[in-house]
Every structure is written in C-alpha cells, then in structure tokens.
Visitor: 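Dropping a structure here in structure tokens format, bear with me for questions.
Letters A, B, ... mirror the listed sequences (proteins, then strands); counts begin at 1. Being a predicted model, the structure only gives us computed values, none of them experimental.
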Amino acid sequence: MSTTQELHDLPAQYVPDQTERAIYERWVEAGIFSAGEKRSKRNGGDRDPFVIIMPPPNVTSVLHMGHGLNNTVQDVIIRWRRMAGDDALWLPGIDHAGIATQNIIERQLAEEGKTKFDLGRQAFVERTISFVEQTGGEILQQLRAIGASCDWNRTAYTLSPELSRAVREAFVQLYDRGLIYRGHRVIHWCPRCLTSLSDEEAQHGEETGKLYHIAYPIVGAKGNASLTVATTRPETMLGDVAVAVHPDDERYKKLIGKSVLLPIANVEIPIIADEYVDPAFGTGVVKITPAHDSNDFEVGMRHKLPMPVIMAPDGTMENVADADSRVPAELVGVDRFEARERIVESLEKSGLLKKVEPHQHAVRHCYRCDTVVEPRLSDQWFVKMEPLAKPALKAVRDGTIRILPERWEAVYINWLENIRDWNISHQLWWGHRIPVWYCEKCDRQIVSRTDVTACDKCGGPVRQDEDVLDTWFSSWLFPISTLGWPDKSAAPLVAFYPTDDLITAPEILFFWVSRMIMAGYAFMDAQPFHTVYLHGTVRDTHHVKMSKSLGNGIDPLDVVASYGADALRYTVIAGMGMGADLVLDPQDLERSFAPGRNFATKLWNIGRFLLANVGTSPVRSVDELLDGELTLADQWILGRLNATIFECDAALGRPRPTKGKWRPEERYSGLRLSEYAEAARRFVWNDVADWYLETTKGRIGAGGSDSEVARAVLTHVFDYALRLLHPIMPFITETLWQRLPFPVAADRCEFLAIAPWPLGHLPPKSEIESISRFDLVREAVSAIRQIRSDYAIPPGKSIEAFVKSPANGQLFTDHARLIGQLARAVVNISAAPADSAAAHSVLADGSELVVPLGGVVDLSKECGKLRGELEQLETQLESLSKRLRNEGFLSRAPAAVVESEREKEDEWIKRREQLAEKVKALCGG
RNA sequence: GGGCGAGUAGCUCAGUUGGUUAGAGCGCCUGCCUUACACGCAGGAUGUCGGGGGUUCGAGUCCCUCCUCGCCCA
C-alpha cells in the first residue's frame, strides 16, 4: 500500500513497464479478477452476474493487433461491470484448432523430410501434444501484458478432459435425437490437408479462369453433330455421367433421351432434362459430374445416375470408385491441374475444343492452407441444422439476443434461414475423435459417451471411427462446457449461464457465434448470451488487413514496451467507432499511438500537480462541503463531472436487457466505447486540466478554508475521472488513484479496479445555471487571450481589460481576479477610457470587453475584425429570422425547437446591437 | 448473380428517432520552455458532408439514381 514516502515520489515521467507488471501482480494476488459463483444472484448471492466468455485464441497463436483489439474491448466492458458491482467473470480459454495446429506440425515434419504417415497416428498426436505443451497458451500469458482481467483459475482448453466429455455428450445427444447422421455426398475436400471441410471452411475468392467449350458428339447422329458444354474444370469430364438441358429449351428438346459420346473416357452418356440447367448460361448444355460437383450430385440423385469418382484424395487422377477405366492410363497419377492441360491439349487435337474464353468465377480455397478445394463424393458425418436453427432465429427476431452493429442481424438471419447441414467429420489426426465404433463382426454402429472395447450386441471386436470432429464442434459448446456442462447443476453453470456479452469479429459469425446460439438452445434450452458485439478489423493505412504473413502487422507487445498498455488500449478504444475498422500505421507507431500515449502523460501530469499542490494530508469530503463554500468554478467542475458521468453511462448503455428481452429503444444503443472514451477525455483534459486546475492555482497555496475546499474538489473530481477512465486505462489510473489524499473517513477500496463506478444525479436547475455562468467567465478569458494573440502581445506582458456588462455585472465583478489570472490581465469591471485606442470584443450575453492597447492597436484592423464579425452574425441572424417568420416552420416544428430558436434570436439581436454600436463608435459608422 | 457497408477537414474517423454557426484526434500555420505537462500551452486555417434528383417549414441524417471502394453469400 502507499506509504507517505511514495506519495511524494511521482517520477517526472510516466514509465509504464516499471509499474504495469507490478500492479497486475497485485490485482491477481488480491484475487479481484476471480468471480464467485456464490456471489451470483442466481446462486443465492447478492450480485448480478456479468459474464464474458473469451473467444478462445488458437493454441498456436501469438498476440497480434486483432487480439489486442478484441481483448481490450472485452476488458473494458468487464472492468466497467466489475466496478459497477456485478459479479464479473471473464473466462479465458484456448482452442486446440484442429487443422491449423496439425498443419504446423506437418510443416515441421516436412522440414525434417518426413510426413505424418512416417510417424503414424499415435506418435503424431503425441508430438502435437508436446508441441502444444511447450508453446501453447503463450497468448494467454501475453494477454496479461495488456491488462486483461480474466479469471485465470477458470482457464479452459477445448481438448481438456472436461471439455472433451462435453463434446462426446453433445455428439451422443444429437445422435440420439436423430440430428447427427452419416451422409454419402459431395463435400469440400482439401487435397493438401487431405480432409473434408465444412462449407464455412471452404472460402471462396473471385478468380479469372477459363471457360472451355467442349463438343460431345451425339451418338447415332448424322455427320458430326455434337452438343457443346462449357466448363471451367475440363479434368472433371472424365467423371461425367450425363449432359443436361433445360426441359423447356426448344433447341434441345428433341435430343432428350439420346446419348453423347464422352470424349477421352469413351463412354456413352445420356442427354437428360433438368430444371437446374440455366438455358442462358454458355450453350445451355451442362455436363453432369455427380461425384465432383455438389449441384451435379443433386441432379445425379434425382436421375439415379452412377457417380464415378475419378480423382484420388491428393488431387491426382485415378479410377477410384465406379469409374471402370474412365481415366486413361496416361493420366492416372497426374495432378488435376496438369491433367486439365493435357485433356485440353488432346481435345484441341481432336477438334473437340470449340472455344476458350476468360471467365470470372468463384473458386473455393482451404481456409487454412489456401489450396484450391476439390468437391468430392465422400462419406461424412453431418449435423442436421434446420431444427437447431429455429430457436436461434427466434432469439434474434424477438430481441432475446441482439447483434451490434444492427446490420449483422440481417446477415445472421439470412444465413440461418438458408442453413445447410454441417459436415463435422474431418480426416485429421488432431482433434476429438468421433465417438462412434463399428463392430468388425456384425457391422453394428455404436455411438457412445465412453470408449467401447467390444460390440454390445455380438461381443465382436470394434474399431473407432478414424475421423476427428471439426474444431468448431468443440468451440460451439464453449459457453456451456467451460461452466461445467453436461452437469446441469454445476455451480458455475447455475451462477453464470446464460452469459452476457460475446465480443468477436464478424468473420466468425457463422463459424462460431451462430452455432453457439444453436448449441445454447439445443443443450441448455437458453441463449448463451444476450449481446453479440462485432468489432471491426485492424488494417494498415492501405486498408489491408494486418497479418504476420503480409508483414504489415504491429506487435502489441512492442507498443506496450514503448508506450504502455494504457496507450495501446486508449488508442484502440478511442479510435474505433461501432463496428468500424481500425486503421493503424505499422510504419509509424509513434503517430499511431500518440493519442493514447499523450493522454496517459496528461493524466500523469495532472496527478503530479495534484500531489505536489494538494499534498498528502487527507482532504475534506465533498459531501460535507456546504453550497456557500463552493466557488462558481467548483460548482462548474462538479456539474461537468456529473454531466460526464451521464455521457459515459449513456454511451455504455444498459448492461443487460430489462426483462430478458431487449426493448426496441434500448436494443441498438450502448457499447459506444469510443464515445465513452471521448466524454471522459474531454472532461479530464478540456475541463479539469485546461480550466479547473488552473483556477485552483493560488487558491490551494493560500491556506485557509477556501484552500481546503479547492483541495477537496480537485481531489474528488480527479478521483472520479480516474474511476471513469479505469476500464480503458487500468494501469495508470490505478497507480495515480493509489496515491490520492482521500478524506480520512473515506471508506475506500484497496484497488481502483473494484472501486464503485460513479453514479450521476439529476442536475438541479442551480447546477445547470452554474455551468452556463462559468461558461461566460471562460468566454471572457478566451476573448482576452484572443486579443493577445491577434496583437501578438508577449505572454509575459500584463495588460488591462475592461468589461462592461449590462446583464451580468455582478458575475464579472466577482470573477474579475480569476479572469485576470487566467488571461494574464488586470480586469476592471467598468467602461474603458473613452479616448484610448483599444481592441474590442462582444461576448455572447452582450457584454463588451475592451483592451486598451496604446500605440499597438491598428484601428483599421480592429474595424475590419469587428465588421467581419458583425457581417457574419447578420447573415446568420437573417436566416434565423426568416425561419421564424416562416408559417410552415412555426406551425409544424415542435414547440421546443421554435422556442429555442426564439431565444437564440433574442441573444443574437442583443449581440448585433452591441457590435454595431462598437463599429459605429470605433470606425465612424 | 444476390445482399450489405462505406464515401464528412491533408490523414483516421464521430455525428443515436431530420432541428443551433457540422465535431474530435493526428497533421499543418503563428506565438510561447507562463514553476503539472513541449507527449505541452495559447491562438489559427482547412469541409459545395462522393455527383445528381426528390420528400420536407427544415436534409450530412429520409427516398430514388449514378459513380468509386470494400465485405459477405451463391
């Protein structure tokens, strides 16, 4: 804890890495990041739970700017709720990341000149486990450096025994409900990873390829009549089992039922009719390759066509199944792209290649290795999604769950309405093995929660399905499995489920977010969270997504080392509008993070001023200060503090829906973190530092009761400013807060991190008036400063100012000294000496301010300035008056608007009169 | 092909049911080491709110259309 000694010793410069680490340790030691299931209201406690489940980074990840952004947002929200008195839980975790991790190990092996098959499955998995043990979860360590206030005691891992148990349970439950089935169909296949991919894992990119027009001779036709088909993948023609035309296409009606001769493969295939064919595309004739195209597969099913597989898993040509000798000997073993070239060449020679044209089309790529995905007929496990999607759709439609920004709700709904079954079996070695066993003897299929050693029917030997589950099959359970599911009475599950906010990037809306919602309803019959907050992507100045491989990344740890975690956090939060991308310059960290770094320094220096001037002895409590003791400046800053609390609260919004469902008016508001940050910054910098703190100079040093009032108010407003800023800048605020000279009686927490979040009060009229009265004082100061600047009066030179105020004479009399102090002038509340040359200004309330300047003043410049002002005012006044004379405006605009326009007109007229008089007197009309 | 988003100061972006003279940070210009802070202070310049049309008393905000860029889904 702070000793008296420490209070004096704020270094002149804030050095983040000297302090941040130590503070983090102390937070952890004090256990303030640990949520207690007994404290949750759902478990007999007295606090509302507030829970965020961290999107688990891949076990192999290291911290990059995307994580920095994602986790800063989560930490800001969780710290806010913790201070607000909730039982706040931020649960961290990591994902075993099936394909991604396996690819890394395979790459390592490749460098050693080996493949996974050289090791065999068991050794491969062991090697992966030891790799993960060494490097895995490094990112969770790194998160501490940016201040992440996770409950580390609950750190989860998708491949842990507990979560594995949940995965099996989920599989078995869905299987028992008839929602998991084994399907024989065309799936996306990665020839490099040698696994199937789900629809979401096969990502498409626009590419310019070629469209080949190929003639298939018509069997039994006269001459060399043929049908021309167009395809982008000629190599798949070896798997063609038909050509199809639209049933209503007059050009081809007569040919339906006849056959064509498939070139190269030399087999006859029928001409069929199917509505799937678009007569307008290409020639209106489509080749049907059921085993290598998902649309063709559907056609094949409808027409009960054979489905020859003509490509091996690794993408080379081969007569795999039902293909006879369709692939000629010279093409067997040839890679698909090489085969394409050769087939095209051969067709050209035989005159069957009619045309080749450039073609823009979408090509799917493996989301992990970017290899072109091959559609391939295969046996896979699928989850029937439509029944699961129903409650997930309803939840967003009825406001149980909201998605921010709002526009993503439409994307979510559109996807769920057209949802397709989920291919969950992957031909990998790293992941949860599918809990299905097959009896070698009676062929029985056994789905089980526990390992099976013998057939429960015939006692025969069994073998487990070779495949593993899609990584997302464990991730989608994360909100429930990390809290103890399938044990529905587990204390954490009872206390913390449903959780509150889910904060992630839009890229995984389908992969993860929507599936978690489905799992929540499927297994807990309740939504996993009520708010999905989708933030933007971190990009460089060319708007290219930052990534290590592109070399345009920023290492958050570098930023932390150079500028501190708080600078990083503030910059990220303040610079990011709701859902907008965050653009940073990897070439210029100095510039990118200046906003946060500068603001941290500002806070530090306010702290230094405060400790040097207010000192270390306890201050009076603001609660016991009497109204009469407070100066106008005190009232103003307290009023501004209150207004700022409201602004911050308004920007943050409601933490949870009122009665389980978001009401329309609150649904899309809140979590405007940049607005919250800006409101707090404005208060600290523009109000406290620029004005209030300056007014205390001279007061505090003077001793006596007013000195005590100033000490108390300054300490109080800084205390509360630090509270407001703590979620964004936890380290520096905690450091400073620890040293504040709190009132003796203050019942204060040990840490700012758990100090109560400020509460605003409805401002009484007097408070609002104080603010506007002090604003006038500030305006007078600004007016003198402006004159100083206009006439280049050296700052050191004191000047004299005269204020004549018909409306607010007393106010200026009372604050003449303060105005003088702030503007470095001697202020007289009286008319200026008539004959002297002077600079002039007219304030908003019509008060006139005159600064005699002796020989310095340039009369024509002064006249020009005043005339300019007058002219501008008159233009504005004219349009305002016109509006107020407009019948339409008066009758249709709300009364309040008309009223305020009238008031404004009065004010402007007053000011115009003053200005006009001034111009007349000074410039002779 | 379908859907969505963006285009506001030199740069990055705010601008919540249409209602003051459109804002912030960074950058820029001028003057200042005014004993918390030059990572600062004071003052200042800069916008036909992408183009065009419309609705309205009133449009950066709503509607239509066009242009440019980006994202998602087939």
Visitor: Taking any heavy-atom pair under 4.0 Å as a contact, classify A:Arg681: base, sugar-phosphate, or nothing.
Guide: sugar-phosphate
Visitor: For B:rA42, what is the paired nucleotide under Watson-Crick or G-U wobble rules, both distances under 3.5 Å?
Guide: B:rU30
Visitor: What's the NZ-P distance between A:Lys904 and B:rU20, to the nearest Å?
Guide: 7 Å
Visitor: Do the side chains of A:Val73 and A:Ile573 get nearer than 4.5 Å, heavy atoms only?
Guide: yes
Visitor: Would you say A:Lys697 reaches B:rU35's phosphate, i.e. side-chain N/O to OP1/OP2 under 4.0 Å?
Guide: no
Visitor: Between B:rG58 atom C1' and A:Leu884 atom CG, what is the distance in whole Å?
Guide: 12 Å
Visitor: Using whole Å, what does the distance between atom P of nucleotide B:rG5 and atom CG of A:Leu404 come to?
Guide: 15 Å
Visitor: Over how many whole Å does the gap from A:Leu509 atom CG to B:rC4 atom P extend?
Guide: 16 Å
Visitor: Can you find a side chain N or O atom of A:Asn598 that sits less than 4.0 Å from OP1 or OP2 on B:rC26?
Guide: yes
Visitor: Once you apply a heavy-atom cut-off of 4.0 Å, does A:Leu610 come out as touching a base, just sugar-phosphate, or nothing?
Guide: nothing
Visitor: Looking across every strand, which nucleic acid part, if any, lies under 4.0 Å from A:Glu901 by heavy atom: base, sugar-phosphate, or nothing?
Guide: nothing
Visitor: Check whether any side-chain nitrogen or oxygen of A:Arg682 sits under 4.0 Å from OP1 or OP2 of B:rG25, and answer yes or no.
Guide: no
Visitor: At 4.0 Å (heavy atoms only), tell me whether A:Ser789 reaches a base, stays on the sugar-phosphate, or touches nothing.
Guide: sugar-phosphate
Visitor: For B:rU21, which nucleotide in any strand shown is its Watson-Crick or wobble partner with both distances under 3.5 Å?
Guide: none
Visitor: Which part of the nucleic acid, if any, lies within reach of A:Glu590 when heavy atoms closer than 4.0 Å are counted: base, sugar-phosphate only, or nothing?
Guide: nothing
Visitor: Where do N or O atoms of nucleotides 8-19 of chain B meet protein N or O atoms at under 3.5 Å, pair by pair?
Guide:
residue : atom : partner  : partner atom : Å
B:rG10  : N2   : A:Arg591 : NH2          : 3.4

Visitor: A:Lys602 side chain N/O closer than 4.0 Å to the phosphate oxygens (OP1, OP2) of B:rC41?
Guide: yes
Visitor: If pairing requires Watson-Crick or G-U wobble contacts with both distances under 3.5 Å, which nucleotide is the partner of B:rA6?
Guide: B:rU68
Visitor: Within the 3.5 Å criterion, strictly below it, is a donor on A:Ser841 or A:Gln786 matched to an acceptor on the partner's side chain?
Guide: no
Visitor: Do the side-chain N or O atoms of A:Trp685 get closer than 4.0 angstrom to the phosphate oxygens (OP1, OP2) of B:rC41?
Guide: yes
Visitor: Paired with B:rG1 by Watson-Crick or G-U wobble geometry, both distances under 3.5 Å: which nucleotide is it?
Guide: B:rC73
Visitor: Measuring from the side chain of A:Asp690 (C-beta onward, heavy atoms only), which nucleotide among B:rA36, B:rG25, B:rA42 has the closest atom?
Guide: B:rA42
Visitor: Any strand counts, and the cut-off is 3.5 Å on both contacts for Watson-Crick or G-U wobble. Which nucleotide pairs with B:rC37?
Guide: none
